Number of protein chains: 2
Amino acid sequence: MGKKGYHHGDLRGALLDAAEELVRERGAEGWSLREASARVGVSPSAAYHHFGSRDALVRALSVRVLTRLGERMAQAAAAQAGARRSLMSACRAYVRWTLEDPAVARLAFAAPARDRDTAIDPHPHDVIDAELDRLAEAGGLVPGARPAAEFAVWAAVHGVATLLADGLMRLDTPEAAGEQTERVVEALLTGLAQEPARPWPTPRSTHTERRTRDRG
Amino acid sequence: MGKKGYHHGDLRGALLDAAEELVRERGAEGWSLREASARVGVSPSAAYHHFGSRDALVRALSVRVLTRLGERMAQAAAAQAGARRSLMSACRAYVRWTLEDPAVARLAFAAPARDRDTAIDPHPHDVIDAELDRLAEAGGLVPGARPAAEFAVWAAVHGVATLLADGLMRLDTPEAAGEQTERVVEALLTGLAQEPARPWPTPRSTHTERRTRDRG
DNA sequence: GCCGAGATCTTAACAGTGTTCAGATGTGTG
DNA sequence: CACACATCTGAACACTGTTAAGATCTCGGC
């Protein structure tokens, strides 16, 4: 996986770099495998020794950037003191990222998830999940609201993020986006705490399903 | 726009039909303009007399399906009595649709929004907006929470929808999706009502911006 | 009734795409 | 040093979006 030491050194990584650059320059779809190969200075077929197809390249890129996002979120959460504050910080990081890099975010979100998410570690969803656990343990979230929060918070944050990434919703400043996100999540948590603790079907994210299956 | 009475009658509509069919069969991206033309029994270049490019076809298809979604939502809302019930019904319709037709929904959501949204009438976002107005007038929403609700509800509903459409989140039944959506929106509204009525930057959706600009 | 004008579609071609495969080229191991 | 093998190249395939020039049909005005 690291340096290969052969002809190029790390062609796999270089191709991912070139692809990411192209996505940033021309949008999630306005680039070709041939272009990425040419930019690295290599023939198109060379890429096929590292990725089975163009789609596999996209999937690998998606894994890389979503992992980075997960790391950023975890880091943002760790930098804050209280459980509630660190959850909010993670959510803000999610939204801020898609706003800073909308094309890359679009590619990452749109990439087919099948057998991809297990390779993403830490997965953004898991970070939110862990922060919700912390919040629940700290008493900042009534136990009845915990299962609902997992679904609701992720959906809300992802909703804000995709609306902004797709250009359907516009905000004046990136800071405003973070602030809006925080208010939405806050409202959600207080609202959930208020509700009667009905049984919640707890939908699971696909990557969680897969991860637990692989472990068991 | 209607029947042309020429060679084909309504080639534009037929191409949109074929494209939509192909999207449904092979996913949002697994089809070509040439395939759609061939399915209609027409040469590829014929399509270029009705759409300036493949992208224009996609955009037009997106307009068509999002308009249908808006109509479905408005209809679902109208079928319910109370303001809160009708809002929930509209939100459920949004999510149910993306679950029934995930590939088409993905295409519609991902299509570039530039100069497209004004042609969508009723726009899904406007339907939610109108329902929130009704709810506010009926006293089911404290006035201070109204501006925040517009952003928050749309984000939450769109978040649930895209998570499901992209296969990131799975639910056992379509009904479960509607139920989850309703609970999230409900929690959101009660949470917003609880919060102090801070000034809310009120981000505007891009299509609302454009529409008001065109009117003024 | 017909005849030109213009919309509508076709044929042919272009550059560029993802993908495959036989072979050239370098690399580390026995 | 030579062999095995990972790595990359060159050429080709079918297919894509797109354009230009020309054939074909439809309709309004004489």
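Every chain is numbered from 1, with letters handed out A, B, ... down the list of sequences. Everything numeric here is computed off the predicted structure, so don't read it as measured data.
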Calculate the interatomic distance between [X] atom [atom1] and [N] atom [atom2]; express it in whole Å.
X: Leu11(B); N: dT26(D); atom1: CG; atom2: P; value: 15 Å
X: Tyr48(B); N: dT8(C); atom1: OH; atom2: P; value: 18 Å
X: Asp10(A); N: dC8(D); atom1: CG; atom2: C1'; value: 15 Å
X: Leu33(B); N: dT10(C); atom1: CG; atom2: P; value: 13 Å
X: Arg54(B); N: dC15(D); atom1: CZ; atom2: C1'; value: 13 Å
X: Glu29(A); N: dG17(D); atom1: CD; atom2: C1'; value: 15 Å
X: Asp55(B); N: dT16(D); atom1: CG; atom2: P; value: 17 Å
X: Phe51(B); N: dT18(D); atom1: CZ; atom2: C1'; value: 16 Å

Between [options], which nucleotide gets closest to the side-chain atoms of [X]?
X: Ser32(A); options: dT9(D), dT10(C), dT17(C); value: dT17(C)
X: Ser43(B); options: dG18(C), dT9(D), dT10(C); value: dT10(C)
X: His49(A); options: dT19(C), dT7(D), dT18(D); value: dT7(D)

Less than 4.5 Å apart, side chain to side chain, heavy atoms only: is that true for [X] and [Y]?
X: Arg64(B); Y: Asp17(B); result: yes
X: Phe151(B); Y: Val160(A); result: yes
X: Tyr94(B); Y: Val127(B); result: no

**OP:** Could you tell me which residues satisfy side-chain hydrogen bond (donor to acceptor under 3.5 Å, both in side chains) with Ser53(B), sequence neighbours excluded, listed by chain and number?
**Re:** none

Please enumerate all protein N or O atoms sitting under 3.5 Å from an N or O of nucleotides 12-15 of chain C, with distances to 0.1 Å.
none

**OP:** To the nearest 0.5 Å, tell me how far His50(B) NE2 sits from Leu15(B) CG.
**Re:** 7.0 Å

Original post:
Can you check whether His50(A) has a side-chain N or O nearer than 4.0 Å to OP1 or OP2 of dA6(D)?
Top reply: no

Original post:
Which is it for Leu189(A) and Arg84(A) under the side chain to side chain contact (heavy atoms under 4.5 Å, CB included) test, yes or no, and what are the steps along the way?
Top reply: CA-CA 10 Å; Leu189(A) 291 180; Arg84(A) 194 174 193 101; 4.0 Å; yes

Original post:
Is a salt bridge present between Arg134(A) and Glu131(A), judged by a nitrogen-to-oxygen distance below 4.0 Å?
Top reply: yes

